[in-house]
Q: 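The following block contains the structure, expressed as structure tokens.
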Amino acid sequence: MQKTLVVGASENTRRYSNIAIRRLVDHNIETTAFGIRGGTVSDVQIKDNLVDFQNIDTVTLYLNPKNQKEYYQQIVELNPRRVIFNPGTENPEFYQILENAGIKAEVACTLVLLATGQY
């Protein structure tokens, strides 16, 4: 099964990253999470270090472009098949970095993709 990493994860149930984790788990998608603060959402541990992750197929971003910069290289080194830029995370500079590394940059909404069976 393909594994998804939620970047910008939060235990706050009103945050879209939290909702995404819960919906991914509900869809039986192997889910991991990275956030500034640790915690747990739907039995998914939120880790605070990106080097803890391996074999990631999809990264779904919930960080604004300014906060993405410090993670560019670490995300590229994960070598995912794609990175989903959810609403508010759009970042042409990062798209180019990903494309140069052979990683697909997808501007979409994880929640919509899941709801419509396109994930």
Side-chain angles (χ1 to χ4, degrees):
M1 177 175 283
Q2 297 171 336
K3 190 186 308 183
T4 295
L5 170 61
V6 177
V7 174
S10 171
E11 282 189 302
N12 183 336
T13 57
R14 290 176 279 159
R15 304 290 297 201
Y16 285 109
S17 63
N18 183 290
I19 297 166
I21 292 169
R22 290 184 278 134
R23 297 257 175 88
L24 287 160
V25 169
D26 289 347
H27 280 82
N28 297 312
I29 295 168
E30 187 177 356
T31 305
T32 58
F34 166 78
I36 294 169
R37 292 181 227 32
T40 304
V41 176
S42 294
D43 294 327
V44 173
Q45 181 185 3
I46 301 171
K47 297 182 180 180
D48 61 2
N49 191 336
L50 273 175
V51 298
D52 292 340
F53 301 100
Q54 299 174 12
N55 304 315
I56 301 298
D57 175 75
T58 300
V59 171
T60 183
L61 288 176
Y62 289 94
L63 291 176
N64 69 45
K66 180 180 139 200
N67 291 331
Q68 292 168 20
K69 281 186 177 258
E70 69 181 281
Y71 302 111
Y72 285 178
Q73 189 60 40
Q74 291 173 306
I75 291 171
V76 168
E77 287 173 2
L78 291 172
N79 196 32
R81 176 177 58 88
R82 67 178 173 169
V83 174
I84 298 173
F85 289 82
N86 288 281
T89 68
E90 298 88 348
N91 184 346
E93 178 181 69
F94 197 16
Y95 305 160
Q96 191 62 55
I97 292 168
L98 292 167
E99 289 175 19
N100 290 343
I103 299 167
K104 180 181 179 186
E106 186 173 336
V107 179
C109 176
T110 296
L111 299 175
V112 171
L113 293 174
L114 287 166
T116 59
Q118 298 178 67
Y119 191 82

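Everything quoted here is computed from the prediction, not taken from an experiment.
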Q: What is the minimum heavy-atom distance between Gly8 and Ser17, and which atoms define it?
A: O-OG, 3.1 Å

Q: So how far is it from Ser42 OG to Leu24 CG, rounded to the nearest 0.5 Å?
A: 10.0 Å

Q: Taking Thr60 as the fixed residue, which of Thr31, Thr89, Thr110 is the one that meets the side-chain hydrogen bond (donor to acceptor under 3.5 Å, both in side chains) rule?
A: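 It is Thr110, the one option of Thr31, Thr89, Thr110 that forms the side-chain hydrogen bond (donor to acceptor under 3.5 Å, both in side chains) with Thr60.
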
Q: Tracing side-chain links under 4.5 Å among I, L, V, M, F, W and Y, which residues wind up in one group with Val107?
A: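 For the cluster that includes Val107, the remaining residues are Leu5, Val7, Phe34, Leu50, Phe53, Ile56, Val59, Leu61, Leu63, Tyr71, Tyr72, Ile75, Val76, Leu78, Val83, Phe85, Phe94, Tyr95, Ile97, Leu98, Ile103.
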
Q: Can any side-chain N or O of Asn18 pair as donor or acceptor with the backbone N or O of Ser10 at less than 3.5 Å?
A: yes

Q: Using every non-hydrogen atom in the two residues, find where Lys3 and Gln54 come nearest and quote the distance to one decimal.
A: NZ-O, 3.0 Å

Q: Can you tell if the side chain of Ile46 reaches within under 4.5 Å of the side chain of Arg37, non-hydrogen atoms only?
A: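 No - every pair of side-chain heavy atoms lies 4.5 Å or more apart.
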
Q: What are the two closest heavy atoms between Cys109 and Asn86, and how far apart are they?
A: CA-OD1, 3.4 Å

Q: Decide yes or no for Val6 and Val44: does some side-chain heavy atom of the first lie under 4.5 Å from some side-chain heavy atom of the second?
A: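 The answer is no; the side chains never approach within 4.5 Å.
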
Q: Taking atom CZ of Arg22 as the centre, does the number of heavy atoms from other residues, nucleotides or ligands within less than 6.0 Å exceed 12?
A: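 Counting neighbours around CZ of Arg22, more than 12 heavy atoms of other residues, nucleotides or ligands fall under 6.0 Å, so yes.
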
Q: Taking side chain as C-beta onward, heavy atoms only, is Thr58 less than 4.5 Å from Gln2?
A: no

Q: Between Glu11 and Gly38, what is the shortest heavy-atom contact and its length?
A: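 So the two residues come closest at OE1-O, 3.9 Å.
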
Q: Just so I know, are the side chains of Glu93 and Gln68 near enough to count as touching, which here means a heavy-atom distance under 4.5 Å?
A: no

Q: Crowded around Asn100 CG? As in, over 12 foreign heavy atoms under 6.0 Å?
A: yes

Q: Could you please spell out the steps behind the side chain to side chain donor-acceptor pair (under 3.5 Å) verdict for Thr4 and Tyr119?
A: CA-CA 11 Å; Thr4 295; Tyr119 191 82; 2.7 Å; yes

Q: Are side-chain heavy atoms of Lys47 and Asn49 found at a separation under 4.5 Å?
A: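 No, every pair of side-chain atoms sits at 4.5 Å or beyond.
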
Q: What is the minimum heavy-atom distance between Gly88 and Pro65, and which atoms define it?
A: O-CD, 3.6 Å

Q: Looking only at non-hydrogen atoms, find the nearest pair between Ala9 and Ile21 and report the distance.
A: CB-CD1, 3.8 Å

Q: List the residues meeting salt bridge (Lys or Arg N to Asp or Glu O under 4.0 Å) with Arg82, not counting sequence neighbours, and say none if there are none.
A: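 Arg82 satisfies salt bridge (Lys or Arg N to Asp or Glu O under 4.0 Å) with Glu106 only.
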
